Amino acid sequence: MAWRKIACSKTELDLGVTLICGQSFRWKETAPGEWTGVLKNLVWNLKQSDDLLFYKTLEESPAASSDLTQEDILKDYFQLHVNLSKLYEQWSSDDPNFKSKASSFRGVRILRQDPVENLFSFICSSNNNISRISGMVERMCEEFGTSLGEYEGLHHYSFPSIESLAKGSVEQKLRKLGFGYRAKYINQSARFIMENHSEHWLHNLRKLPYNEAKSELMKLCGVGAKVADCVCLMSLDKNDVVPVDTHVWQIAQKYLPSLRSSKTITPQVYNAVGNHFRELWGEYAGWAHSVSLHRIVYNF
DNA sequence: TTTGGACCTGGCTCC
DNA sequence: CTCTTCAGGTCCAAT
């Protein structure tokens with residue numbers, strides 16, 4: 001199948017960084033400058049030039065998303081309606097630190113992910129590293145997802161349904177797949193959602209205000225403030241949320257001397273740090289956070 | 001309300 | 001090659 005294209009400048013979207021920086025764990029660079037992954041139950045191939053985003057899929061017509069064209073799916077996933085250059089200008093003008101240290105890393109966007117994939121992937125992220133998380137998520141899809149076919153020698157699977165993760169045998173299977181103590185969190189959270197809500201409940205959290213959505217998420221086992229915030233930001237449309245991880249915490253201490261007395265991230269401290277950056281960066285604070293964090297984690 | 005430990009695993013550094 | 005430490009946290013028990 002031939003490549004199709006969408007107009008999109010590299011300053012608005014840096015594919016490589018955006019796909020690999022630890023938001024989604026399912027994209028792989030299968031050739032130089034070319035990424036393969038699963039989105040809306042389709043296998044996608046993506047690449048870009050300075051002003052075009054190229055895409056093709058394994059299947060022509062998506063059964064599970066027939067109401068959307070493939071172009072619509074990508075525009076939604078990358079949130080291309082958001083003018084990133086304009087936001088960089090705003091963050092640079094409001095925050096000298098962003099301007100001097102982060103503003104040159106162009107095209108880092110927040111993906112609009114599926115809440116189910118987002119939640120269960122990030123339950124895996126606690127006290128863990130990106131490389132291992134990626135392997136775990138891949139094995140989870142292989143074990144509990146459905147096959148989407150083979151593409152250039154690689155098999156691809158859908159992200160498992162909540163129902164399939166709620167079954168009795170899941171914890172033990174995940175343990176064998178190397179999930180450690182997170183195996184229980186995944187199974188218990190899935191079971192809690194199926195027993196108290198429904199498969200679609202997570203999607204509906206998009207309609208709730210931030211605080212309510214977060215508080216609902218934190219009722220799940222293995223979901224604390226940080227994971228809940230990641231889900232709010234990356235799949236529930238709460239663009240101003242800044243998840244406070246160890247990196248953000250380190251940075252925050254430099255600029256908020258009043259917080260230095262705390263040895264650990266207490267709920268109060270967590271909120272103070274999150275609020276600080278939310279006020280500093282504004283409506284899309286979570287996006288600015290991802291730009292800054294990328295720079296920190298990869299030590300550029 | 002706050003604090004310190006334990007928790008699975010595998011990649012990493014340093015012997 | 002073995003050992004220690006640690007990685008984008010969370011839960012639990014004891015203050």
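Everything numeric here is computed off the predicted structure, so don't read it as measured data. The chains referred to below are lettered A, B, ... by the order of the sequence lines, with proteins before strands, and numbering in each begins at 1.
A cation-pi arrangement is present between Lys47(A) and Phe54(A) under the rule of less than 6.0 angstrom and at most 45 degrees off the ring axis. Note that Lys28(A) lies outside the cation-pi zone of Trp35(A), set by a 6.0 Å cut-off to the ring centre and a 45° limit from the axis.
Whole-Å rounding puts the Phe179(A) CZ to dG9(C) C1' distance at 16 Å. In this structure, Trp249(A) atom CH2 and dA7(C) atom P are separated by 16 Å, rounded to whole Å. Between the CD1 atom of Ile265(A) and the C1' atom of dG9(C) there is a distance of 9 Å, given to the nearest Å. One can place CD1 of Ile186(A) at 19 Å from P of dC7(B), the figure rounded to the nearest angstrom. Distance CZ (Arg139(A)) to P (dG10(B)): 7 Å, rounded to an integer number of Å. The distance between atom NE2 of His247(A) and atom P of dA7(C), rounded to the nearest whole Å, is 7 Å. The CG atom of Asn128(A) sits 9 Å away from the P atom of dG9(C) (whole-angstrom rounding). Following rounding to the nearest Å, Asn127(A) (CG) and dC11(C) (P) show an atom-to-atom distance of 13 Å.
Side-chain rings of Phe98(A) and Tyr88(A) approach one another, their centers coming within less than 6.0 Å.
dA13(C) and dC8(B) have their P atoms separated by 15 Å, with the value rounded to a whole Å. Separation of the P atoms belonging to dG5(B) and dT5(C) is 14 Å when rounded to the nearest angstrom. dG8(C) and dT13(B) have their P atoms separated by 14 Å, given to the nearest Å. A gap of 15 Å separates the P atoms of dC15(B) and dC6(C), to the nearest Å.
Atoms OG1 and CH2, on Thr18(A) and Trp27(A) in that order, are 11.5 Å from each other to the nearest 0.5 Å.
Side-chain atoms of Asp240(A) and Tyr210(A) include no donor-acceptor pair closer than 3.5 Å. Neither side chain, Trp281(A) nor Asp94(A), offers a donor N or O lying under 3.5 Å from an acceptor on the other. Donor-acceptor pairing under 3.5 Å is recorded for the side chains of Thr69(A) and Asp72(A).
Between dT3(B), dG8(C), dG9(C), one nucleotide has an atom nearer to the side chain of Thr264(A) than all others, and that is dT3(B). Of the listed nucleotides (dG8(C), dG4(B), dT2(B)), dT2(B) has the atom at the smallest distance from the side chain of Gln268(A). When each of dT3(B), dG9(C), dG11(B) is scored by its nearest atom to the side-chain atoms of Thr266(A), the top-ranked nucleotide is dT3(B).
At a cut-off of 3.5 angstrom, counting only N and O atoms as typed in the model, there is no donor on one side facing an acceptor on the other between the side-chain of Arg132(A) and the base of dC6(C). Scanning atom types as modelled, one donor and one acceptor separated by under 3.5 angstrom connect the side chain of Tyr181(A) and the base of dG9(C).
Pairing for dG8(C) is absent, judged as Watson-Crick or G-U wobble with the two contacts each under 3.5 Å.
Within the 4.0 Å cut-off from OP1 or OP2 of dA7(C), not a single side-chain nitrogen or oxygen of Ser126(A) is found.
Shown for residues 210-228 of chain A: residues whose heavy atoms fall under 4.0 angstrom of DNA chain C, namely Leu220(A), Cys221(A), Gly222(A), Val223(A), Gly224(A), Ala225(A), Lys226(A), Val227(A).
Using a 4.0 Å heavy-atom cutoff across all strands shown, Arg182(A) reaches at least one base atom of the nucleic acid.
Remark on DNA chain C: of its neighbouring residues Tyr185(A) and Met234(A), the 5'-side contact belongs to Met234(A), judged by nearest-heavy-atom nucleotide.
Heavy atoms of other residues, nucleotides or ligands lying less than 6.0 angstrom from CD of Gln172(A) number 12 at most.
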